[in-house]
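Working notes, beginning with the structure itself.
This one's a predicted model, so the numbers in the text were calculated from it and none came from an experiment.
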Amino acid sequence: ALADKLALGGENAAAEQLRTAATGTNVNIFTGNKMEVPVNVLRNIAGKKVTLALQPGSGFAFSISGNELKKADSPFVLTVSAAANIPEAVRREVLTDACASREFVAEGTGMSSLPVNLHINFGVENAGRKAFLYYYDEAAGAMRLTGSFIVTENGQAMFRFNRGGRYIA
C-alpha cells in the first residue's frame, strides 16, 4: 500500500526521499489506482518547495505541492478508475468537437483541504489546444466546468482538483 511506502519512520526509500528532498524536487511515487498519503507525510512536506507526485498510470498523475500546503489535518486518500458511466446524452454535450477526451471516477477524502493538482496527458498532437475539466453533477443531470488549461508542447494539461466524482477532460 502507498501508505506503507510513505510511512515516515519506516525504512524505505520513498520516505527517506521525502524527508531529505532538496528544494525544487519532485518526488515521484508510482501508486496504482489507490493512493493514500498519511497525515505525517503531508506535514513533512508542508511549507517546503517539494512536490509529491502520485502516479497511478494511464496518463494521469496527481500532485501535492508542499509550498502551497499550509497545514495537514487529514490523510489524502484517492481511488481512480476509468468507468465513469456518465449518461451518453450528457457526455455528448461536452464532447462535441473534442479532439481527445479522458473519463474517470475519483473517490476519496482530503481533497478539499489540500492543494491537489490533476495532470493529464492528452498527447503532443494536442499541444496548444485548450483542455477542459468537467465533473458530472448528478442532481442536475449535467456536466459542470471546473477548469481549463492550454495543453503544453509535451501534451500535458493541469487542473486544480478538490472533489471526488465522475469526470470528463
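- Residues Val90 and Gly141 come closest through the heavy atom pair CG2-O, 3.4 Å.
- With contacts defined as side-chain heavy-atom distances shorter than 4.5 Å, the pair Phe159/Ile120 qualifies.
- Linking Ile, Leu, Val, Met, Phe, Trp and Tyr whenever their side-chain heavy atoms come within less than 4.5 Å leaves Val94 and Tyr167 in two separate clusters.
- Screening residues 131-156 for ring-ring contact (aromatic ring centres under 6.0 Å, His included), with sequence neighbours left out, gives no hits.
- Within a 6.0 Å sphere centred on CD of Glu88, other residues, nucleotides and ligands contribute more than 12 heavy atoms.
- Evaluation of the side-chain hydrogen bond (donor to acceptor under 3.5 Å, both in side chains) rule for Glu68 yields Arg160 as partners, not counting sequence neighbours.
- Asp97 pairs by the side-chain hydrogen bond (donor to acceptor under 3.5 Å, both in side chains) definition with nothing, not counting sequence neighbours.
- Contacts classified as side-chain hydrogen bond (donor to acceptor under 3.5 Å, both in side chains) and involving residues 140-150 (residues at least two apart or in different chains) are given here: Asp137-Arg144.
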Glu107/Ser81 under side-chain contact (heavy atoms from CB on, under 4.5 Å): CA gap, chis, key distance, verdict: CA-CA 9 Å; Glu107 298 172 324; Ser81 65; over 6 Å; no
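- In this structure, the ring-ring contact (aromatic ring centres under 6.0 Å, His included) partners of Phe60, at least two apart in sequence or on a different chain, are Phe104.
- Every side-chain hydrogen bond (donor to acceptor under 3.5 Å, both in side chains) that Glu103 has, sequence neighbours left out, goes to Arg91.
- Distance CG/Asn67 to NZ/Lys49: 5.5 Å, rounded to 0.5 Å.
- Taking CG of Leu42 as the reference point, atom CZ of Phe76 lies at 8.5 Å (rounded to 0.5 Å).
- As a member of the Ile/Leu/Val/Met/Phe/Trp/Tyr network built from side-chain separations under 4.5 Å, Ile150 groups with nothing else and remains a singleton.
- For the atom pair OG1 of Thr152 and CG of Asn126, the computed distance is 10.5 Å after rounding to the nearest 0.5 Å.
- The hydrophobic clustering, which links ILVMFWY residues whose side-chain heavy atoms are closer than 4.5 Å, places Val105 and Ile168 apart.
- Scanning for side chain to side chain contact (heavy atoms under 4.5 Å, CB included) contacts around Val39 gives Arg43, Pro75, with sequence neighbours left out.
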List the atom pairs, with distances to 0.1 Å, where a side-chain N or O of residues 50-57 and a protein N or O form a donor-acceptor pair under 3.5 Å, not counting sequence neighbours.
from	atom 1	to	atom 2	distance (Å)
Gln55	NE2	Asn28	OD1	2.9

Walk me through whether Val80 and Met35 qualify under side-chain contact (heavy atoms from CB on, under 4.5 Å). CA-CA 8 Å; Val80 178; Met35 296 158 261; 3.6 Å; yes
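- Here ring-ring contact (aromatic ring centres under 6.0 Å, His included) pairs that include residues 107-128, with residues two or more places apart or in two chains, number zero.
- Note: Asn121 CG to Arg102 CZ = 7.0 Å, rounded to the nearest 0.5 Å.
- Remark: Leu78 CG to Lys34 NZ distance equals 10.0 Å, nearest 0.5 Å.
- Both Leu95 and Leu145 sit in one connected hydrophobic cluster of ILVMFWY residues. Membership requires side-chain heavy atoms under 4.5 Å apart, directly or through other members.
- Residues that satisfy the side-chain hydrogen bond (donor to acceptor under 3.5 Å, both in side chains) test with Glu138, not counting sequence neighbours, are Arg166.
- Using a 4.5 Å cut-off between side-chain heavy atoms of Ile, Leu, Val, Met, Phe, Trp and Tyr, with links allowed through other members, Leu69 and Met158 fall into the same hydrophobic cluster.
- Thr96 and Arg92 make their closest contact through OG1-O, 2.7 Å (heavy atoms, listed as atom of the first residue, atom of the second, distance).
- Phe62 pairs by the ring-ring contact (aromatic ring centres under 6.0 Å, His included) definition with Phe161, not counting sequence neighbours.
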